[in-house]
Amino acid sequence: MSTVESEPYKPSLHFIQSIIEEDLRTGKNEKRIHTRFPPEPNGYLHIGHAKSICLNFGLAIQYNGMCNLRFDDTNPVKEDVEYVDSIREDVHWLGFDWEGREYYASDYFEQLYVFAVDIIKQGKAYVCDLSAEQVSSDRGTPTRPGNPSPYRNRSIEENLDLFMRMRNGEFAEGSRVLRAKIDMDSPNMHMRDPIMYRILFAHHHRTGDKWCIYPTYDYAHGQSDFIEGITHSICTLEFEVHRPLYDWFLDQIVEPNFYRPRQIEFARLNLSYTVMSKRKLLELVKNNYVSGWDDPRLPTICGLRRRGYTAESIRYFADKIGVAKRDNTIDVALLEHSIREDLNKRALRRIAVLNPVKLIIDNYPENKIEMLEAVNNPEDPSAGTRQLPFSREIFIERDDFMEDPSAKFFRLSPGNEVRLKYAYIIRCEKVIKDPVTGAILEIRCTYDPETRSGLPNSNRKVKGTIHWLSASHARLAEIRLFDRLFNVEDPDSGEGANDYKTHLNPDSLQIIKGFVEDTFKGAKALDKFQFERLGYFCIDYDSSDKQLVFNRTIALKDSWAKIEKKQ
RNA sequence: UGUCCGAUGGUGUAACUGGCAACACGUCUGACUCUGGAUCAGAAGACUCUAGGUUCGAGCCCUAGUCGGACAACCA
């Protein structure tokens, strides 16, 4: 008998959780955990941001901490309230609550200014009159040291005076900047006297025209974290080289051994077959290659939402992809699996016949209509049932019929029997074809009245089941199928707007006429449906017109469907 | 000829203090017929970047390489 105690189960943690647990163990920051999600309001959020949102808010929830929503609005020329509103909405929709802690870097402009004055007084910042080009060329290159600015050794008094006058608007835009005095020979480019403030006579979406000097990201971010009491400042890998600067600015205003936020970097999300950069997304929207930020082909949160993705599925996805420091490209198949996983349990099923062929049941009474009971969700009995009209003439899917069936084909073929879902077993008696083209015009069948679903003798075994729609009840609709936005291996292979255009596969938009069960009239926006046989769809009434948008994520892994009402 | 970071099946992520490389997606096969792109069952797929070293034992530690990424906006 073993005397070894069974070890407690220890789930594997990603590296940020390990850091947090270590901090908790050592009692750092009085064991507080405080994160923040800090988007710049210069675009709409996409699935990559969702990873960061789930990480930051998720960590706060897991470790009983807090997570702030902070808008990093230090560059007024790129930012807009439209983006603020959309970001707020998307974070909320994803299911996270910042509990009123909605902050703006611009709220700290006065405090940031005071900090800057203090740094000047320490002799560690100076006003530089060089042009942007001159500053840039004097900075050197990664392999060549920089050149000190001739203004580097201005007196503290002169710097104080000049900085105040910068704020007062006495100097032209671009004429002067405030620079940190660090090390022009540093191998880290970001330490070569980085810019702290620039003059910008731009209207800010929150502070209006109050300021004409604006802090840069590097200066504002760490200080904002400090002001908010952030303990773990999580950002993406490209800021790794900024970390020494992040710490340097903090060193200037925080006592040694006092609380200070810690920057931790993780790898941003890349998704196969799509574009994620804000710049490129903006280009697609601005040039009208897509219908807007919420175009269902875009990987934006609102695009995914309109396409039918649920918040749950995106959170599940974020959980599945993990967090690490190596560059990655996640297969969209995992995203698609996530929505399938979720919708599979919850989506209501509906029938659509996308490629219809008429089928007539010869021995079924001409004017008879039967209402049959159809299950709304086979995985969830509480979803209930609905009534489905059945009649002599129906549509079935063209693919569900084969004149010369292969050995593996179990659906309808001449002389064979098949079950009409929720209805009867039918037998194909005859195929009527166009004498010229040979195309199948209609299929003639007979039915077995004993076999209606639910009847005592209905359980006769047949090899296949197909879906159908009563021809006189079905509504004609146009269905547009979209492929993935960029169905190419490397969306970065070309640059410029024209490349986007060519990457938009011309075959990606295909219009199919189909018939849809006439039950959508009562459907509310964003109700989720699964179509019988085809898989899952989501419906969402497009606000701009009377369109129904069907998500075909599950039905066709890489397609969307759009069904327009034909009035 | 700079600094920093990274490297584990096709993809992504694990592997507690050095102890049988695991999980998920994807792929393939089979079963199942009131649809089945669902579900169930199974399979294939990894010299853990390379070379050396330490050790009874290395994905993990040490040394030297290789490859990939980031950094030279008054963007974030």
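Every chain is numbered from 1 and lettered A, B, ... according to where its sequence line falls, protein lines coming before strand lines.
A close approach under 4.0 Å does occur between a side-chain nitrogen or oxygen of A:Arg198 and OP1 or OP2 of B:rC75. Between A:His337 and B:rC25, a side-chain N or O to OP1/OP2 separation shorter than 4.0 Å is present. Checking the phosphate oxygens (OP1, OP2) of B:rU33, a side-chain nitrogen or oxygen of A:Lys461 falls inside 4.0 Å. Under 4.0 angstrom from either OP1 or OP2 of B:rG26 there lies at least one side-chain N or O belonging to A:Arg340. When the side-chain nitrogen and oxygen atoms of A:Arg326 are compared with OP1 and OP2 of B:rU13, one or more of them lie within a distance under 4.0 Å. When the side-chain nitrogen and oxygen atoms of A:Thr143 are compared with OP1 and OP2 of B:rA72, none of them lie within a distance under 4.0 Å. OP1 or OP2 of B:rA73 has at least one side-chain nitrogen or oxygen of A:Ser136 nearer than 4.0 Å.
Between A:Ala423 and A:Pro187, it is A:Pro187 whose nearest contact on RNA chain B lies nearer the 5' terminus. Closest-nucleotide positions on RNA chain B for A:Ile321 and A:Asn459 were compared, and the one nearer the 5' end corresponds to A:Ile321.
Rounded to whole Å, the P atom of B:rU48 lies 14 Å from the corresponding atom of B:rG52. B:rC67 and B:rA73 are spaced 27 Å apart, taking the P atom of each and rounding to whole Å. Between B:rA21 and B:rC47, the distance separating the two C1' atoms is 13 Å to the nearest Å. Rounded to whole Å, the C1' atom of B:rU27 lies 25 Å from the corresponding atom of B:rA15. Between the P atoms of B:rG69 and B:rG12, the separation comes to 14 Å (whole Å). Spacing of C1' atoms, B:rG59 relative to B:rC16, comes out at 15 Å, to the nearest Å. As rounded to the nearest Å, B:rG53 and B:rA58 have C1' atoms that lie 11 Å from one another. Remark: the separation of the P atoms in B:rA51 and B:rA14 is 26 Å, to the nearest Å.
A:Phe239 comes within 4.0 angstrom of a base, heavy atoms only. In this structure, A:Ser137 reaches neither bases nor backbone, as no heavy-atom distance under 4.0 Å exists between it and the strands shown. Within 4.0 Å of A:Leu237, counting heavy atoms only, lies no atom of the nucleic acid at all. In this structure, A:Val77 reaches neither bases nor backbone, as no heavy-atom distance under 4.0 Å exists between it and the strands shown. Using a 4.0 Å heavy-atom distance criterion, A:Thr329 is classed as a sugar-phosphate-only contact.
Screening A:Arg427, A:Lys463, A:Lys461 against A:Glu417 for a salt bridge (charged side-chain N to carboxylate O under 4.0 Å, His left out) leaves a single residue, A:Arg427. Each of A:Tyr219, A:Tyr197, A:Phe201, A:Phe109 was scored for a ring pair (Phe, Tyr, Trp, His ring centres under 6.0 Å) with A:Tyr214, with one residue passing: A:Phe109. Each of A:Lys278, A:His49, A:Glu82 was checked for a side-chain contact (heavy atoms from CB on, under 4.5 Å) with A:Tyr44, and the lone residue meeting it is A:Glu82. For the side-chain contact (heavy atoms from CB on, under 4.5 Å) with A:Phe401, the qualifying choice from A:Ile466, A:Val418, A:Leu412 is A:Leu412, the only one to do so.
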Could you walk me through whether A:Tyr83 and A:Glu40 pass side-chain hydrogen bond (donor to acceptor under 3.5 Å, both in side chains), step by step?
CA-CA 9 Å; A:Tyr83 302 126; A:Glu40 182 189 15; over 6 Å; no
Salt bridge (charged side-chain N to carboxylate O under 4.0 Å, His left out) between A:Asp129 and A:Arg154, worked out
CA-CA 11 Å; A:Asp129 303 355; A:Arg154 284 223 251 238; 2.4 Å; yes
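Checked by distance alone, A:Thr216 brings no side-chain donor or acceptor within 3.5 Å of a matching partner on the base of B:rC74. With hydrogens and angles ignored, a donor-acceptor pair under 3.5 angstrom links the side chain of A:Ser458 to the base of B:rC34. Taking 3.5 Å as the limit, the base of B:rA76 and the side chain of A:His242 contain a donor-acceptor pair of atoms between them.
Distances were taken from every side-chain heavy atom of A:Ala132 (C-beta onward) to each of B:rC74, B:rC25, B:rC34; the shortest belongs to B:rC74. Considering only side-chain atoms of A:Lys325, the nucleotide from B:rA70, B:rC5, B:rA72 that sits closest is B:rC5. Each of B:rA76, B:rU13, B:rC34 was ranked by its minimum atom distance to the side chain of A:Ala324; first place goes to B:rU13. For A:Glu40, whose side chain is taken as the heavy atoms from C-beta onward, the closest listed nucleotide among B:rA72, B:rA70, B:rC75 is B:rC75. For A:Lys78, counting side-chain heavy atoms from C-beta on, the closest listed nucleotide (B:rC5, B:rA15, B:rC75) is B:rC75. Taking every side-chain heavy atom of A:Glu240 into account, B:rC4 is the closest of B:rC34, B:rC74, B:rC4.
In this entry the distance linking CD1 of A:Ile339 with C1' of B:rG37 reads 15 Å, nearest Å. Rounded to an integer number of Å, the gap from A:Tyr217 OH to B:rC75 C1' is 11 Å. The distance from atom CG of A:Asn328 to atom C1' of B:rC25 is 14 Å, rounded to the nearest whole Å. Per the geometry, CG belonging to A:Asn147 stands 19 Å off P belonging to B:rA72, to the nearest Å. Atom CG in A:Asn377 sits roughly 14 Å away from atom C1' in B:rU39 (whole-Å rounding). In this entry the distance linking CG of A:Leu335 with C1' of B:rG26 reads 14 Å, nearest Å. Separating the CG atom of A:Leu130 from the P atom of B:rC74 is a distance of 11 Å, rounded to the nearest angstrom. The separation between A:Asp327 atom CG and B:rA70 atom C1' is 8 Å, rounded to whole Å.
Across all strands shown, B:rG2 is found opposite B:rC71 as a Watson-Crick or G-U wobble partner, with both distances under 3.5 Å. Under the Watson-Crick and G-U wobble criteria, each requiring two contacts below 3.5 Å, nucleotide B:rU55 is left unpaired. When Watson-Crick and G-U wobble pairs are counted only if both distances are under 3.5 Å, B:rG42 pairs with B:rC28. When Watson-Crick and G-U wobble pairs are counted only if both distances are under 3.5 Å, B:rC16 pairs with no nucleotide at all. Pair assignment for B:rG9 gives none, since no Watson-Crick or G-U wobble pairing has each distance under 3.5 Å.
Using cut-offs of 30° and 60° on the angle between ring planes, the pair A:Phe239 and A:His242 is perpendicular. Between A:Tyr113 and A:Phe163, the ring planes are parallel. Angles under 30° get that label, and only those over 60° would be called perpendicular.
A glycosidic torsion no more than 90° from 0 defines the syn conformation, and B:rG36 adopts it. With its glycosidic angle within 90° of 0, B:rA73 adopts the syn conformation.
Here A:Leu281 contributes atom CG and A:Thr274 contributes atom OG1; the two are 7.5 Å apart, rounded to the nearest 0.5 Å.
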